[in-house]
There are 2 protein chains.
Amino acid sequence: MRSVPEAIDKQKLQTLAEFRYMLRRFLHFSEEAARKADLPTQQHQLLLQIAGVPDEVAPTISYLAERLGLRHHSVVELSKRCQEQGLILRTHASLDRRCVVLQVTLKGERRLKELSDDHARELYELAPQLIRALTQIQSLGCKKATAGLSTRKIEK
Amino acid sequence: MRSVPEAIDKQKLQTLAEFRYMLRRFLHFSEEAARKADLPTQQHQLLLQIAGVPDEVAPTISYLAERLGLRHHSVVELSKRCQEQGLILRTHASLDRRCVVLQVTLKGERRLKELSDDHARELYELAPQLIRALTQIQSLGCKKATAGLSTRKIEK
DNA sequence: GACGTTATATCGTATTGCGATACATTGGGA
DNA sequence: TCCCAATGTATCGCAATACGATATAACGTC
């Protein structure tokens, strides 16, 4: 009976689009917040990942590249900018002098703290919606390419 | 009893950092997927938001700017690129000829569909982790702005 | 039919991440 | 010890793209 696969697709697209929209909203908030604090987004992210490093890990260039989803040389440049602003320190690890270990300065810490508080609050607001969107996506994903099933369209 | 505010902060930063890391991971996956499909990320996002538009809304430049978190003129340029690739159509609305309405072509639809399936699958995998991170943040957020900042300096 | 408003378009600029490539440090074997 | 491959970081030039400032077009109203 065909069961309107178009409707399934539309539903799926709307769900994905909505999720992305929410992500954008959060990211946009984050960028705005950083900009108000006069701190480029990426610098904020670098600070966050340095400060939020697990206790047993050393925050090296490479580690941060992985965490930020960047190539290492992008992090080199990014960290250079942060250093110029006096937000972080760069020191060669004494054990392996190839490694550069990053460290947030007091100034950087202050900047980061405000932003983190704001972010925590904003996420506290957005979390329910994000979770809802994710749950919806999960329920989509369940029907693993089961072509048939008569999903009744909910929309409109 | 002071209760080691440093530890709280550290915990908070780690939680936020972890959340951002997961977002990056997803965004990175998304960019990769789009690139494999030979489609710039932003073009993919534009297609998604056009295709996933609620039934009662007209996908105009302005609407999409809001959805994508961009300024309208950025969307103008983006949509121009998409049009050049034959992924979308741009037509002036007959009612209000100022408005440009965007529409995904068959070609665009095909490209989008593959990507959407991949994304739905990936999100199905990531959703539990994301939800966990969000839940953790929610539990942080409860303790509303406790001012006392006896941050001990780490820098040398 | 002039005006303020809304919607889209154009241009020049600045940021920034990347590929290619180079340099520095390390550990290990001849 | 010296050489070398592996690993980690740095530099350079480039390309993509989002933005601000500004311009054009269509609308509704008086």
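Computed from a predicted model, the values in this text were never measured in an experiment. Here is the naming used below: chain letters follow the sequence lines, and residue numbers restart at 1 for every chain.
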Scan [X] against the nucleic acid and name what it touches under 4.0 Å (heavy atoms): base, sugar-phosphate only, or nothing.
X       : result
A:Gln42 : sugar-phosphate
A:Ser74 : base
B:Leu68 : nothing

### Query
When you check the phosphate oxygens OP1 and OP2 of D:dT9, does a side-chain N or O of A:Ser62 lie under 4.0 Å from one of them?
yes
### Message
Taking A:Val75's backbone N and O only, do any of them form a donor-acceptor pair with A:Lys80's side chain (distance below 3.5 Å, no angle check)?
### Response
no
Distance, rounded to the nearest Å, where [X] contributes [atom1] and [N] contributes [atom2]:
X       : N      : atom1 : atom2 : result
A:Arg71 : D:dT7  : CZ    : C1'   : 16 Å
A:Asp96 : C:dA24 : CG    : C1'   : 11 Å
B:Gln45 : D:dT17 : CD    : P     : 13 Å

### Message
Any N or O donor-acceptor pair under 3.5 Å from the base of C:dT26 to the side chain of A:Arg98?
### Response
no
### Task
Kindly indicate whether the side chain of B:His73 and the base of D:dG20 share any N or O donor-acceptor pair separated by less than 3.5 Å?
yes
### A:Phe29-A:His119 aromatic ring centre distance below 6.0 Å
yes
### Aromatic ring proximity, centroids under 6.0 angstrom, B:Tyr21 and B:Phe26
no
### Query
How about A:Gln43 and A:Ile88: do any of their side-chain heavy atoms sit closer than 4.5 Å?
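No, every pair of side-chain atoms sits at 4.5 Å or beyond.
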### Query
Looking at the side chain of B:Leu70, which of D:dC19, C:dC18, C:dA7 is the nearest nucleotide?
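The answer is D:dC19, which lies nearest to the side chain.
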